[in-house]
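Everything on this sheet refers to the single structure shown next.
Numbering of residues begins at 1 and proceeds along the displayed sequence. Side chains are part of it too, since the values below use all heavy atoms of this structure and drop only hydrogens, waters and symmetry mates. We count ligands from 1, going down the list as the structure has it; atoms in each ligand are counted the same way.
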Amino acid sequence: MEESSSRHAMRPVLIAGGGFGGLYTALALASRRHHPPILLVEPQERFLFLPLLYELLSQELRSWEVAPRYDTLLASRGIAWLKDRVSRIDASAGCVHTEQGRQLPYSRLVIATGSRGTSYGIPGVEDLAIPFRSLADVERLQELVQHLRSHPRPLQRLALVGAGPSGVELACKLADLLRGSTVIELIEQGPDLLPQARAFNREQARSALLRRDVRLRTQTRVLGLEPGRLLLSLTADNAAGSDESLPVDGVIWTAGVTVAPLRSSPSPASTPGAACTVNRPCSCATTPVCSRWVMWLTSQMPMERPWRPRPRWPFSRPTAWRRTCCARLRASHCSPSAGRIWAR
Ligand SMILES: Cc1cc2nc3c(=O)[nH]c(=O)nc-3n(C[C@H](O)[C@H](O)[C@H](O)COP(=O)(O)OP(=O)(O)OC[C@H]3O[C@@H](n4cnc5c(N)ncnc54)[C@H](O)[C@@H]3O)c2cc1C
């Protein structure tokens with residue numbers, strides 16, 4: 001009995017996913033004296049500071065600042081990093097299986113696999129639209145901006161789909177970069193931009209778009225995407241049946257995210273008291289701990305209805321704040337709430 005419990009104690013706390021939730025949890029745990037072994041399983045080489053992606057696009061920041069390597073970030077921090085992807089959780093055996101065929105035991109499991117973009121099954125989106133979530137996406141957009149600036153044609157047009165925080169901020173950034181050479185359309189199926197924002201922030205966003213001549217089309221649904229064309233349908237009550245085919249030189253998809261799927265047997269959510277789902281790490285400090293062996297960090301909850309952009313966290317922080325936070329992260333002085341809750 002004693003032998004088995006000491007063997008269990010030697011198992012690491014395993015953190016699946018090294019985004020904000022996973023990385024900060026690992027750093028917070030590692031900052032404790034006598035912390036357990038910590039294993040971070042993350043398939044990417046680099047941590048991506050997503051709120052700084054806009055500055056990477058405009059080349060105000062460089063990629064090493066926005067996307068530091070995990071081996072550099074975690075050097076001498078007491079956290080082991082494994083470049084692999086968790087493919088399945090075997091909760092009964094207390095281990096996870098990985099894409100590269102490993103079987104990794106854990107004492108506690110933190111699932112922080114985050115979210116990913118979704119096309120909601122709209123035809124053409126996966127193949128033709130550019131998302132805005134990765135370094136590769138930024139490179140594609142930089143090439144497109146360069147092309148539009150160096151080969152300007154009359155009425156060249158970019159469409160951004162989804163007038164949430166990412167869509168609004170990216171539309172402003174692209175308008176600045178394209179300096180009037182391209183019409184920018186921001187398309188939103190709902191009645192207004194930033195549906196979850198305060199009225200003041202919405203007004204600020206609206207005037208930022210106006211100043212840059214970004215055209216906002218609300219109550220407009222994307223039906224499909226074909227090479228060089230966006231198929232739209234007006235959703236306003238009095239506009240039934242009015243469809244439009246909009247010529248475009250590029251489409252950027254910021255229309256929503258969904259939870260990154262991870263198979264588990266049994267499902268942590270189906271085992272009472274076994275799992276703790278923490279939505280929005282910002283509010284973790286006030287959430288009671290119920291985790292016995294799994295903590296599930298979700299920045300986005302599953303979509304209830306298709307094709308409805310979900311709000312992200314409040315994003316209206318100025319660049320200065322972001323830079324400070326990025327620098328802090330590198331220096332690891334943050335005491336993230338997600339880690340605090342686990343260790344209580
Ligand atoms: C362009 C952009 C700008 C944003 N700006 C802001 C902002 O200003 N303010 C704000 O509050 N929020 C902002 N957000 C939202 C914020 O970035 C997310 O809420 C946050 O990244 C969520 O963190 P997370 O750790 O839950 O998930 P993620 O950041 O999605 O990280 C999940 C990690 O898990 C890894 N992973 C996935 N599946 C597996 C698996 N099976 N096994 C192992 N690893 C896996 C992924 O590679 C990834 O590294 C922005 C988002 C975007 C896209």
Distance under 4.0 Å to a non-hydrogen atom of [X]: what atoms of ligand 1 satisfy this?
{"X": "Gly114", "value": "26 (O), 27 (O), 30 (O), 32 (C)"}
{"X": "Phe132", "value": "1 (C), 53 (C)"}
{"X": "Ala112", "value": "32 (C), 33 (C), 34 (O)"}
{"X": "Phe20", "value": "17 (O), 20 (C), 21 (O), 23 (O), 25 (O)"}

Tell me whether [X] has any N or O atom under 3.5 angstrom from an N or O of ligand 1.
{"X": "Leu53", "value": "no"}
{"X": "Pro43", "value": "no"}
{"X": "Ser166", "value": "no"}

Exercise for the section: Run the contact test for Phe47 against ligand 1 with a 4.0 Å cut-off on heavy atoms, strictly below, and give the result. Expected result: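 Under 4.0 Å: no for Phe47.
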Problem - Side-chain ion pair, Glu226 and Arg229, N-O less than 4.0 Å - result: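 Salt bridge flag = yes for Arg229 with Glu226.
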Practice task
Look at Lys173 together with Glu60 and state whether they make a salt bridge at an N to O cut-off of under 4.0 Å.
Solution key: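 Result for this pair is yes, salt bridge flagged.
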Practice task
For Arg206 and Glu203, run salt bridge (Lys or Arg N to Asp or Glu O under 4.0 Å): C-alpha distance rounded to whole Å, both residues' side-chain angles, the deciding distance at 0.1 Å, then the answer.
Solution key: CA-CA 5 Å; Arg206 207 189 312 281; Glu203 273 321 304; 3.1 Å; yes
Practice task
With heavy atoms under 4.0 Å as the rule, classify the contact between Gln44 and ligand 1 as side chain, backbone, both or neither.
Solution key: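 The part of Gln44 near ligand 1 is the side chain, not the backbone.
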Practice task
Tell me which part of Leu48 gets within contact of ligand 1: side chain, backbone, both or neither, using heavy atoms under 4.0 Å.
Solution key: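 Neither part.
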Practice task
Compare Ser115, Pro51, Gly19 and give the one whose heavy atom is closest to atom 30 (O) of ligand 1.
Solution key: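 It is Ser115 that holds the nearest heavy atom.
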Practice task
Hey, could you give me each pair passing side-chain hydrogen bond (donor to acceptor under 3.5 Å, both in side chains) that has a residue in residues 176-185? Not counting sequence neighbours.
Solution key: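 Passing the test, one end in residues 176-185: Gln156-Thr182, Arg157-Glu185, Asp176-Arg212, Glu185-Arg217.
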Handout entry: Distance in Å, Arg102 CZ paired with Glu99 CD, rounded so as to fall on 0.5 Å steps
Key =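 If we round to the nearest 0.5 Å, Arg102:CZ and Glu99:CD are 11.0 Å apart.
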Problem - Ring geometry between Phe20 and Tyr24 (parallel below 30°, tilted from 30 to 60°, perpendicular above 60°) - result: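 Geometry flag for Phe20 against Tyr24: tilted rings.
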Handout entry: Within 6.0 Å of CZ in Arg198, more than 12 heavy atoms from elsewhere
Key =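 Counting other residues, nucleotides and ligands, CZ of Arg198 stays at 12 neighbours or fewer.
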